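None of these values were measured; they are calculated from a predicted model. Naming convention: chains lettered A, B, ... in sequence-line order (proteins, then strands); numbering from 1 in each chain.
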Protein chains: 2
Amino acid sequence: MLQLTKRSEYALIALVHMVDREGEVTSVRELCERYPLPKRLVAEVLKDLSHAGLVISQRGAQGGYSLAQAAESITLGQIVGAIEGAPALTNCDSIASTRDGGCEVHPVCPIRSPVERVREHLWRLFEATTLRSLVPAPHANREAVIQRLRESLAGSPSA
Amino acid sequence: MLQLTKRSEYALIALVHMVDREGEVTSVRELCERYPLPKRLVAEVLKDLSHAGLVISQRGAQGGYSLAQAAESITLGQIVGAIEGAPALTNCDSIASTRDGGCEVHPVCPIRSPVERVREHLWRLFEATTLRSLVPAPHANREAVIQRLRESLAGSPSA
DNA sequence: CAATATAGCACCGATTCAGTGCTATATGCC
DNA sequence: GGCATATAGCACTGAATCGGTGCTATATTG
Ligand code: SF4
Ligand code: SF4
């Protein structure tokens, strides 16, 4: 099925939230207070992101997670790759990395190479999609936007 | 998991094979003689493709399937869509079509809209990928290539 | 020491998927 | 007509994956 897992979605939600809180630490508790997410599962996901080097973990009281890189340099490909493992369209290049991987058709498969090209395109799309670009407009730099709006209103004669 | 199902792969193999045999009918038996595929499953897949209008079925002896459209007008999107249903990246827009579809996060989900944009790009890629472009070079117009090679050899002084 | 919060590991229930069984129907050929 | 071939339709089983949770250990703050 050509679909992201819930885990990946939770990872994206967490990361997008962290962009809003850039510079601060975000705990799993804080995330689950703002969004109705299963706490334990989100914790597991964040752990994976930490292991992948996308976020930095801070243990103990007042701890939590913070972005390990700028939101512009983290890509959708990195995120999905961290949660679901290396990307794959065909079954062979996914089982090849995990299991003994032997598709019976492999030696005579007429679609392996062409589909591989499609996978490359898809991967390029994922790598070109930055975390920053995934932050919804109302959330992106919300404070900065509000600030600019206030300045604009203050400078204009009307209202 | 961001991956095609075996069914989709079998559909692609079958269709690519039919491009080679364009104009003729291809039976499931013929397909399974050339590739080590589970006959019954391939039959099921071809049935779906027929129902989706991508191939035309011919019942009875000497029957089989043939392309319903030119290989240039059949897209990867159509094929995958016919086998796996409407494409989806997030869980909400897949369950929305099949089930009552209620993600708890939906009302406050910060990634639904941005990921939707990515899905659009992905879908555009799939729609831009024609069946013809999925035929490996050695197979595409194999006869024509051989013919041209022979003419080339006949015309050149050497060999 | 107590409270908070991540680290690690293993487990269960549900969903999806790969593959198969069985029967009906349509076509070609003798 | 009778038989072989081949698709149509439907339902089912076993396996793999995924969503979600339990439990314990460790680190940090105060
Ligand atoms: S070899 Fe062909 S059929 Fe087998 S997994 Fe790879 S792409 Fe799919
Ligand atoms: S609403 Fe958000 S979390 Fe729920 S399925 Fe859609 S994208 Fe995923």
TODO: Kindly say whether B:L76 contributes a backbone atom to a donor-acceptor pair with the side chain of B:E127 at under 3.5 angstrom?
DONE: no
TODO: Ignoring hydrogens and angles, tell me if any N or O in the side chain of B:R7 forms a donor-acceptor pair with the backbone of B:E44 under 3.5 Å.
DONE: no
Taking side-chain hydrogen bond (donor to acceptor under 3.5 Å, both in side chains) as the definition, give me every residue that meets it alongside [X], ordered by chain and number, with sequence neighbours left out.
{"X": "A:E104", "value": "none"}
{"X": "B:S66", "value": "none"}
{"X": "A:R119", "value": "A:E116"}

Quick one: [X] [atom1] to [N] [atom2], roughly how many Å, whole number?
{"X": "B:E104", "N": "D:dG20", "atom1": "CD", "atom2": "C1'", "result": "15 Å"}
{"X": "B:I83", "N": "C:dC17", "atom1": "CD1", "atom2": "C1'", "result": "13 Å"}
{"X": "B:K6", "N": "D:dA15", "atom1": "NZ", "atom2": "P", "result": "17 Å"}
{"X": "A:Y65", "N": "C:dT4", "atom1": "OH", "atom2": "C1'", "result": "13 Å"}
{"X": "B:M1", "N": "C:dT15", "atom1": "CE", "atom2": "C1'", "result": "12 Å"}
{"X": "B:L37", "N": "C:dT20", "atom1": "CG", "atom2": "P", "result": "11 Å"}

TODO: For A:E84 and for B:S27, find the nucleotide of DNA chain D with the closest heavy atom, then tell me which residue's nucleotide is more 5'.
DONE: B:S27
TODO: Using a 4.0 Å heavy-atom cut-off, write out nucleotides 24-30 of chain D from 5' to 3' as B (base contacted by protein), S (sugar-phosphate only) or - (no contact).
DONE: --BBBS-
Open item on the list: Between B:Y10 and A:G64, which residue's closest nucleotide on DNA chain C lies nearer the 5′ terminus?
Closed with: A:G64
TODO: Select from A:R29 and A:R7 the residue whose nearest nucleotide in DNA chain C is closer to the 5' end of that strand.
DONE: A:R29
Open item on the list: Checking B:E33 now: which residues fulfil salt bridge (charged side-chain N to carboxylate O under 4.0 Å, His left out) with it, not counting sequence neighbours?
Closed with: B:R29
Task: Selection: residues 40-54 of chain B, any non-hydrogen atom under 4.0 Å of DNA chain C - done: B:R40, B:L41
TODO: Indicate whether OP1 or OP2 belonging to C:dA5 is found under 4.0 Å from a side-chain N or O atom of A:S57.
DONE: no
